[in-house]
Amino acid sequence: MAMIAHKCPQYKVTVVDINPDKIAGWNSDDLPIYEPGLCEIVKKTRGKNLFFDTDIGKGIRESEIIFVSVNTPTKTFGAGAGMAADLQYWEKTARQILQCSISSKIIVEKSTLPVKTALAMERILSSSDNRIQFEVLSNPEFLAEGTAIRDLENPDRVLIGSSQTENGLKARDELVEIYENWIPKSKIITSNVWSSELSKLVANAFLAQRISSINSISDLCEKTDADVGEVARAIGMDSRIGNRFLNASVGFGGSCFKKDILNLVYLCRSYGIHEVADYWESVVLINEYQKKRFVLNMLKAMFNTLADKKICLMGFAFKADTGDTRETPALYIAKELLAENARLVISDPRALQNAEKDLIDMDGDIAYIEDPYEAVKGCHAIAILTEWSMYADLDYRTIFNSMEKPAFIFDGRNIVDHQRLYEIGFNVYPIGKPPLSRI
Ligand code: UDX
């Protein structure tokens, strides 16, 4: 919404939320989320044509177009628990829109939703006889965290799904007009509503699948003399495969991939296509396996016991350039290491507050130290879990000297110079390459 306000000064954009703390945050200099470049855009537009408010009824009444971006977490109860999307916030929003509206509106689905949700929304919105017309569009968001501003300014494509009726196409054109303020027409594509809803789930499933594919090969590489980086480079130069999203890692995280794949799996199961469901579910299963494997490798390398050993987790965010820790592999790894009675020092330039919240219920010895040089002091091992670029450039000789010996480093992101670290004296365990170890 900040980007729309920034690119289209002729529109008035109001963001409403039921949580007053969040709205207060958006109205302050300390925004509720860290995203490079976002604060600058918010500051430029806030109070001019971008507003943050808790009065949802007023926001609904006064707007012609409503973007619904409520959360759709994985259901934790009832039918489809652990798989299906929890649509209660969506439905409540639909009912509130119906209740507060005094004029016709375009409703845009921004949240990622199972296929056919727009239909349910439309049914709720047309359940009253007040003659107000609602046209529901699907406009999934493909931005990635950490690069959100760049992705919004210059997206690969914008997708808008609408019903193919006269009113549906008219509503679609109004939304196209907004994006045309800064996006070339060739990149704005349209489809029917279901294709649009499904495309979002499928895009995330394909991206996650690439990571699970390369991660599965990383296991094989560790057992042989192959190097997953070299394999990724060789296959990535095939233009049919492409070279992006082939970095083997400790596993993918983030609020979208797992949730959306499970959603897709549930959708397939509900249509009785179990073979297809199993195929996509394996992407998630390989990701779980990769995280588990990482901890088992640590255990095995460190003489099958981690009890009382001090381990520094470098990075807790699910990826670099964000403070977000949702579904971060670091949380799983921290819990497994605590279960082995290891002592943890967690370091991250942006995510320490979230890390503390995530681990609040855990017993065990956990310290949170932002400065990596302080964090590693007296540690037996380092596990690099987030690809913050600063971790590639640290003075590892100083770090080695301040650690217990033998010193171990487990590079869950393959971002450090493994040979150089080995020469300094570390026992080095990369992902998808045979270890460089003296043990
Ligand atoms: C993702 C999609 O990219 C985006 O299009 C969608 O709108 C939301 O979900 P995001 O979750 O922000 O975006 O992050 P992304 O950059 O896709 O990374 C997801 C996870 O995969 C991270 O944990 C990242 O570290 C990991 N990853 C990514 C790898 O392990 N290897 C790679 O090669 C790329």
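Counting starts at 1 for both ligands and their atoms, following the listed order.
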Next item on the list: Determine yes or no for a side-chain-to-main-chain donor-acceptor pair under 3.5 angstrom, with T117 supplying the side chain and P114 the backbone.
Entry: yes
Next item on the list: Just jot down the ligand 1 atoms closer than 4.0 angstrom to any heavy atom of L246, in number order.
Entry: 33 (O)
Check: S249 heavy atoms, cut-off 4.0 Å: which ligand 1 atoms fall inside?
Finding: 29 (C), 30 (O)
Note to self: For ligand 1, which is the ligand I care about here, please tell me if F142 has any N or O atom under 3.5 Å from one of the ligand's N or O atoms.
What the structure shows: yes
Check: If you measure from atom 17 (O) of ligand 1 to every heavy atom of F318, F245, F252, which option wins on shortest distance?
Finding: F245
Item checked: Which residue and heavy atom of the protein sit nearest atom 12 (O) of ligand 1, plus the separation -> E145 N, 2.6 Å
Notebook entry, point to check: With backbone taken as N, CA, C and O and side chain as the heavy atoms from C-beta onward, which portion of L143 lies under 4.0 Å from ligand 1: side chain, backbone, both, or neither?
Noted result: backbone
Next item on the list: Would you verify whether the NZ or CZ of K105 falls within 45 degrees of the ring axis of F134 while also being under 6.0 Å from that six-membered ring's centre?
Entry: no
Next item on the list: Flag yes if more than 12 heavy atoms outside Y373 fall under 6.0 Å of its OH atom; otherwise flag no.
Entry: yes
Next item on the list: Report yes or no: does E327 have a heavy atom closer than 4.0 Å to ligand 1?
Entry: no
Checklist line | Cation over ring face, K12 and F51, 6.0 Å, 45° | finding: yes
Notebook entry, point to check: Which ligand 1 atoms, with their elements, are less than 4.0 angstrom from a heavy-atom of A144?
Noted result: 3 (O), 12 (O), 13 (O)
Next item on the list: Could you tell me whether N247 approaches ligand 1 through its side chain, its backbone, both or neither, with non-hydrogen atoms closer than 4.0 Å?
Entry: both
Checklist line | Protein contact to atom 3 (O) of ligand 1 [nearest heavy atom, distance to 0.1 Å] | finding: L207 CD1, 3.7 Å
Check: Are there more than 12 heavy atoms of other residues, nucleotides or ligands under 6.0 Å from atom CG of L220?
Finding: yes
Margin query: Quick test of your reading of the structure: of K258, R326, K319, whose heavy atom lies closest to atom 18 (O) of ligand 1?
Written below: K319
Margin query: Give me the atom names and distance for the closest heavy-atom approach of I41 to A2.
Written below: CG2-O, 3.6 Å
Notebook entry, point to check: What is the ring orientation for F410 with F408, classed by angle as parallel under 30°, tilted 30 to 60°, or perpendicular over 60°?
Noted result: parallel
Next item on the list: State which residue, out of W280, F257, F245, fulfils the ring pair (Phe, Tyr, Trp, His ring centres under 6.0 Å) condition with F206.
Entry: W280
Checklist line | Ligand-side contact atoms (ligand 1) for residue partner K200, heavy atom cut-off under 4.0 Å | finding: 6 (C), 7 (O)
Notebook entry, point to check: Who's the nearest protein heavy-atom neighbour of atom 27 (N) of ligand 1, and how far?
Noted result: I211 CD1, 3.4 Å
Next item on the list: Determine whether D278 and R269 make a side-chain contact, defined as any pair of heavy atoms from C-beta on separated by less than 4.5 Å.
Entry: yes
Notebook entry, point to check: Do R157 and F142 meet the cation-pi criteria used here (NZ or CZ under 6.0 Å from the six-membered ring centre, within 45° of the axis)?
Noted result: yes
Margin query: With heavy-atom distances below 4.0 Å as the criterion, list the atoms of ligand 1 near C256.
Written below: 8 (C), 9 (O)
Check: Any heavy atom of E387 sitting closer than 4.0 Å to ligand 1?
Finding: yes
Note to self: Below the 3.5 angstrom mark, is there an N/O of G253, backbone or side chain, next to an N/O of ligand 1?
What the structure shows: yes
Check: Short question: side chain of S347, backbone of I369 - any donor-acceptor pair under 3.5 Å?
Finding: yes
Next item on the list: Specify the protein heavy atom at minimum distance from atom 19 (C) of ligand 1: its residue, its atom name, and the distance to 0.1 Å.
Entry: F257 CE1, 3.5 Å
Notebook entry, point to check: Minimum heavy-atom separation for V193 to S163, with atom names?
Noted result: CG2-N, 3.5 Å
Margin query: Less than 4.0 Å is my threshold; does some heavy atom of R413 fall inside it relative to ligand 1?
Written below: yes
Notebook entry, point to check: Which of the atoms of ligand 1 are close to E141, meaning less than 4.0 Å from one of its heavy atoms?
Noted result: 7 (O)
